[in-house]
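Note that ligands are numbered from 1 as they come in the structure, with each ligand's atoms numbered from 1 the same way. Model, not experiment: these values are computed from the prediction. Heavy-atom basis, side chains included; hydrogens, waters and symmetry copies ignored.
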Amino acid sequence: MSVKFVESSQLPTPWGVFDIHGFEDAESGKEHVVLTLGDVSDGQPVLARVHSECLTGDALFSMRCDCGAQLQAALEKIAEEGRGVLFYLRQEGRGIGLMNKIRAYKLQDEGADTVEANEKLGFGADMRDYSLLKVMCEHLNIGKVRLMTNNPRKVKALTDQGVDVVERLPLQTGQNPHNAKYLATKSGKLGHLF
Ligand SMILES: Nc1nc2c(ncn2[C@@H]2O[C@H](COP(=O)(O)OP(=O)(O)OP(=O)(O)O)[C@@H](O)[C@H]2O)c(=O)[nH]1
Ligand SMILES: [Zn+2]
């Protein structure tokens with residue numbers, strides 16, 4: 001595994017002062033971050049969110065997806081409990097990258113759904129790799145989580161990395177007329193539980 005911890009610091013947010021932990025993947029050159037609040041290394045199950053990068057949704061307020069709303073809701077829930085972890089993984093566009101996601105959006109503008117668009121571009125529907133979570137969880141001494149997600153693949157991914165998912169908590173927010181088809185395809189073709 002080519003992922004290595006780099007450094008930690010404080011990160012004040014509107015929801016509280018988190019700690020940010022930087023990790024670098026020498027093989028891909030990607031830089032990932034983990035936010036924690038409170039003591040997550042005490043062995044008790046940790047409220048957790050595994051979030052894949054969506055520049056358009058997380059930073060640019062896009063309503064094509066539900067990513068930004070989910071990110072904010074997850075941080076709010078962690079702050080409410082005073083303890084938790086957000087893994088922010090730089091696997092933009094379900095692993096195909098930002099430029100290819102824009103190509104996929106163009107195909108969606110022309111009628112394709114999110115899965116068909118990926119396939120037309122020669123990609124699988126979901127190209128994400130969660131193996132880096134192992135290094136992150138070991139570094140932070142997190143062995144048990146209560147995972148906020150609608151995506152059963154993330155539950156399996158963490159379990160495969162040796163992390164016990166003691167509970168799955170639905171994270172449904174951010175629905176709007178622009179992402180209705182996107183969310184329907186998630187549940188119809190990608191196995192999300194709504
Ligand atoms: N290829 C592609 N990726 C998209 C599209 N819309 C959003 N994404 C990406 O989908 C990913 C969504 O990540 P998450 O919110 O962590 O995961 P999820 O599979 O939706 O599962 P949840 O935990 O239930 O939210 C991000 O990497 C987005 O950039 C799209 O139309 N095409
Ligand atoms: Zn998004």
Identify the protein heavy atom lying closest to [atom], giving its residue, its atom name and the separation to 0.1 Å.
atom	result
atom 10 (O) of ligand 1	R94 CG, 3.6 Å
atom 27 (O) of ligand 1	E53 O, 2.8 Å
atom 13 (O) of ligand 1	R128 NH1, 3.3 Å
atom 7 (C) of ligand 1	Y182 OH, 3.2 Å
atom 30 (C) of ligand 1	T114 OG1, 3.3 Å
atom 24 (O) of ligand 1	N150 N, 2.9 Å
atom 20 (O) of ligand 1	K186 NZ, 2.6 Å
atom 15 (O) of ligand 1	R49 NH2, 3.1 Å

Any Lys/Arg nitrogen of [X] or [Y] sitting under 4.0 Å from an Asp/Glu carboxylate oxygen of the other?
X	Y	answer
K77	E81	no
E53	K101	no
E138	K134	yes
K4	E24	no

Practice task
Return the orientation label for the H139 and F5 ring planes: parallel under 30°, perpendicular over 60°, tilted otherwise.
Solution key: parallel
Handout entry: Metal-centred angle, the Zn ion (ligand 2) as apex - SG of C54, SG of C67, 10° resolution
Key = 120°
N/O of [X] under 3.5 Å from N/O of ligand 1, yes or no?
X	answer
Q70	yes
N118	yes
I96	no

Distance under 4.0 Å to a non-hydrogen atom of [X]: what atoms of ligand 1 satisfy this?
X	value
Q91	27 (O)
Y105	6 (N), 30 (C), 31 (O)
Q108	30 (C), 31 (O), 32 (N)
H51	16 (O)
C54	28 (C), 29 (O)

Exercise for the section: Say whether V40 and F23 are linked into one hydrophobic cluster, either directly or through other cluster members, by side-chain heavy-atom distances under 4.5 angstrom. Expected result: yes
[X] near ligand 1, heavy-atom distance under 4.0 Å?
X	result
R153	no
V50	yes
F123	no

Fill in the blank from the handout: Under 4.0 Å between heavy atoms, the region of R64 that gets near ligand 1 turns out to be neither
Measure the spacing between [atom1] of [X] and [atom2] of [Y] and express it to the nearest 0.5 Å.
X	Y	atom1	atom2	value
N176	Y182	CG	OH	11.5 Å
Q108	I102	CD	CD1	12.0 Å
N118	K189	CG	NZ	10.5 Å

Handout entry: Cation over ring face, R49 and F87, 6.0 Å, 45°
Key = no
Practice task
Could you please spell out the steps behind the side chain to side chain contact (heavy atoms under 4.5 Å, CB included) verdict for D160 and Y130?
Solution key: CA-CA 9 Å; D160 289 349; Y130 295 98; over 6 Å; no
Exercise for the section: Among N179, D66, N151, find the one that has a side-chain hydrogen bond (donor to acceptor under 3.5 Å, both in side chains) with K186. Expected result: D66
Exercise for the section: Sort out for me which residue in V50, L86, I78 forms a side-chain contact (heavy atoms from CB on, under 4.5 Å) with M148. Expected result: I78
